[in-house]
Visitor: 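Questions regarding the structure given below will be posed in turn.
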Amino acid sequence: MNNMELTLVIFTVLGQASVGLAIMMALRQLSTAEGPEVPSLSTEWLVTGLVLLTALVVGLFHLGHPTGSPRALAHLSTSWLSREALAFMVFGALIIVALVVTLKKSSGSGVVMIIAALVGLAALFISGMVYSPPSFPALENGLPILFYVLTAFILGSAFSSYFVQESKKKLLYNILLVSLIVGLVVNLIVPSVWLSGGKVMQMTGSAYYGSGLYWLRLAGEFGLGIAVLAAIRKIPFWLPVILLAGELLGRIMFFTHVVNTAGNMGSIY
C-alpha cells in the first residue's frame, strides 16, 4: 500500500457495496413474513450484480497481466488473495441464481438470498485478511474487516432505499443511522489507538489526524449523514451519493496513509 491504487479503491468499495445490498435484502426478508417485493428484488439483484461486475472488472486492472487472472486461484491453501477471488466469484454466482429464482418467483428465493448474504459476509472477512499483513502494524489486528463491514452496511442500507417503498424504509433508516454512528466513533478512536502503539503505528495515526481528507470525511460523510438523518427522519435521495464519496475518501486514506514497516526501517528508532 502507501500508493493511491485507484483500481483497489474502486474494487474494494464497490465490492463491499454489492455485499451490503445483498445483506439488506436478506435482512428485509427476515424482518417481514411476506419478504421484500419481487419486482423491486429483481431490479435490486440486477443492480447488485452490475455493481459487483464493475468492481471485478476494475480489479483486474490492478494485476500486472489481467489475462492471467485465473491463476489468482492457484494458491487457495496459502493465499488470502486467492481465497478472496474465489469468495467473490461464488458470491457473484449466487447473485445470478438469486436473480433467476426471484424472476421465476420460486419458493426457494428467500433461502438463496440468505445464503448469498452469508457468502458475501465471508468474502468481506477474507478480503479484510488480505489487507492485514504483518508489514502494516496498524492493520495486523483485524481492523480492515471492521472497516469493510461498516462500508457494506453504510452503502448497502443507503442504496437499498432506492428500491423499497416509503413504508418499508424504516429498517434501512435505522441500520444506516446506527452504522454511521458506529463508523464515526471507530474513525475517531482508531487513530488515537495507533498513536499509543509502536513508532510505525504512531506514524499512521499522525498521518490520519494530519490529513485534510480525514477531517473532510468525518464532517462530510459521518457528521452530515447523521445530522440529516436525525433532522428529517428518512434517507433523502441524494444522501447515498454523498456517503459513497465519503467511503471512497476513506479507502484512499486506507491505501495511502497507513505506514509500512519495511519502508520505514531506518526511521523507527
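Computation of the quantities below employed the complete heavy-atom set of this structure, encompassing side-chain atoms and omitting hydrogens, waters and symmetry-equivalent molecules.
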Visitor: In sequence, state the C-alpha distance, the side-chain angles, and the governing distance for Thr151 and Arg251, and then conclude on side-chain contact (heavy atoms from CB on, under 4.5 Å).
Guide: CA-CA 10 Å; Thr151 297; Arg251 200 54 46 82; 2.9 Å; yes
Visitor: Work out which heavy atom in Pro144 is nearest to a heavy atom in Gly128; give both atom names and the distance.
Guide: CB-O, 3.5 Å
Visitor: Do Thr48 side-chain atoms and Glu44 backbone N/O form a donor-acceptor pair below 3.5 Å?
Guide: yes
Visitor: Checking Phe159 now: which residues fulfil ring pair (Phe, Tyr, Trp, His ring centres under 6.0 Å) with it, not counting sequence neighbours?
Guide: Tyr162
Visitor: Per the side-chain contact (heavy atoms from CB on, under 4.5 Å) rule, which among Leu8, Val9, Val13 passes with Ile252?
Guide: Val9
Visitor: Applying ring pair (Phe, Tyr, Trp, His ring centres under 6.0 Å), can you list everything that pairs with Phe11, at least two apart in sequence or on another chain?
Guide: Phe88
Visitor: Decide yes or no for Phe136 and Pro133: does some side-chain heavy atom of the first lie under 4.5 Å from some side-chain heavy atom of the second?
Guide: yes
Visitor: Roughly how far apart are Leu195 CG and Ser206 OG, rounded to 0.5 Å?
Guide: 5.0 Å
Visitor: Taking the side chain as every heavy atom from C-beta outward, state whether Leu188 and Leu218 have any pair of such atoms under 4.5 Å apart.
Guide: yes
Visitor: Would a hydrophobic clustering, with Ile, Leu, Val, Met, Phe, Trp and Tyr connected at side-chain separations under 4.5 Å, put Val228 with Phe237?
Guide: yes
Visitor: According to a hydrophobic-cluster definition based on side-chain heavy atoms being under 4.5 Å apart (Ile, Leu, Val, Met, Phe, Trp, Tyr only), do Val185 and Tyr214 belong together?
Guide: no
Visitor: Using only atom types and a distance under 3.5 Å, with no angle test, would you say the side chain of Trp194 pairs donor to acceptor with the backbone of Ala138?
Guide: yes
Visitor: Atom CE in Met24, atom CG in Leu155: separation rounded to 0.5 Å?
Guide: 10.0 Å
Visitor: Check whether the side chains of Thr204 and His257 place a donor and an acceptor atom closer than 3.5 Å, and report yes or no.
Guide: no
Visitor: Considering non-hydrogen atoms only, spot the tightest contact between Tyr148 and Phe254 and give its length.
Guide: OH-CE2, 3.6 Å
Visitor: What pair of heavy atoms forms the shortest contact from Ala158 to Pro240, and how long is it?
Guide: O-CG, 3.4 Å
Visitor: Just verifying a value: how many Å separate Leu118 CG and Ile23 CD1, rounded to the nearest 0.5 Å?
Guide: 8.5 Å
Visitor: If you round to the nearest 0.5 Å, how far is NZ of Lys169 from OG of Ser160?
Guide: 11.0 Å
Visitor: Looking only at the side chains, is there a donor atom on one of Tyr209 and Ser192 sitting less than 3.5 Å from an acceptor on the other?
Guide: yes
Visitor: Does anything in residues 224-243 pair up under side chain to side chain donor-acceptor pair (under 3.5 Å), and if so which pairs, sequence neighbours excluded?
Guide: none
Visitor: Answer with yes or no whether the hydrophobic clustering places Met113 together with Val101; edges join I, L, V, M, F, W, Y residues whose side-chain heavy atoms lie under 4.5 Å apart.
Guide: no
Visitor: Once rounded to the nearest 0.5 Å, what's the spacing between atom CD1 of Ile235 and atom CG of Leu243?
Guide: 8.5 Å
Visitor: Could you tell me if the side chain of Leu124 sits less than 4.5 Å from the side chain of Ser127, heavy atoms only?
Guide: no
Visitor: If you take all heavy atoms of Val51 and Ala17, which pair is closest and at what distance?
Guide: CG1-CB, 4.5 Å
Visitor: When hydrophobic residues are tied together by side-chain contacts of less than 4.5 Å, even through go-betweens, does Leu99 share a cluster with Ile96?
Guide: no
Visitor: Quick one: does Tyr173's side chain have a donor or acceptor within less than 3.5 Å of a partner on Leu229's backbone?
Guide: yes
Visitor: Looking only at non-hydrogen atoms, find the nearest pair between Ile242 and Gly220 and report the distance.
Guide: CG2-O, 3.4 Å
Visitor: First locate atom CG of Leu216, then atom CG of Leu249, and finally report the distance between them rounded to the nearest 0.5 Å.
Guide: 5.5 Å
Visitor: Just do the side-chain contact (heavy atoms from CB on, under 4.5 Å) check on Leu150 and Val186 with the steps written out, would you?
Guide: CA-CA 10 Å; Leu150 282 171; Val186 167; 4.3 Å; yes
Visitor: Name all pairs fulfilling the side chain to side chain donor-acceptor pair (under 3.5 Å) condition that reach into residues 215-229, sequence neighbours left out, sorted by first residue then second.
Guide: Asn187-Arg217, Arg217-Glu221, Arg217-Glu247
Visitor: Applying side chain to side chain contact (heavy atoms under 4.5 Å, CB included), can you list everything that pairs with Phe125, at least two apart in sequence or on another chain?
Guide: Trp80, Met129, Ile145
Visitor: I would like to know whether Phe222 and Ile181 meet side-chain contact (heavy atoms from CB on, under 4.5 Å); could you show each step before the answer?
Guide: CA-CA 7 Å; Phe222 299 111; Ile181 292 172; over 6 Å; no
Visitor: Aromatic ring centroids of Tyr131 and Phe147 under 6.0 Å?
Guide: no
Visitor: What pair of heavy atoms forms the shortest contact from Ser157 to Ile154, and how long is it?
Guide: OG-O, 3.2 Å
Visitor: Only pairs at least two apart or in different chains count here, so list each salt bridge (charged side-chain N to carboxylate O under 4.0 Å, His left out) that has a residue in residues 124-145.
Guide: none
Visitor: Could you please spell out the steps behind the side-chain contact (heavy atoms from CB on, under 4.5 Å) verdict for Met201 and Val259?
Guide: CA-CA 7 Å; Met201 288 181 67; Val259 179; over 6 Å; no
Visitor: Does Val97 share a hydrophobic cluster with Leu41, counting links as ILVMFWY side-chain heavy atoms below 4.5 Å and allowing steps through other members?
Guide: no
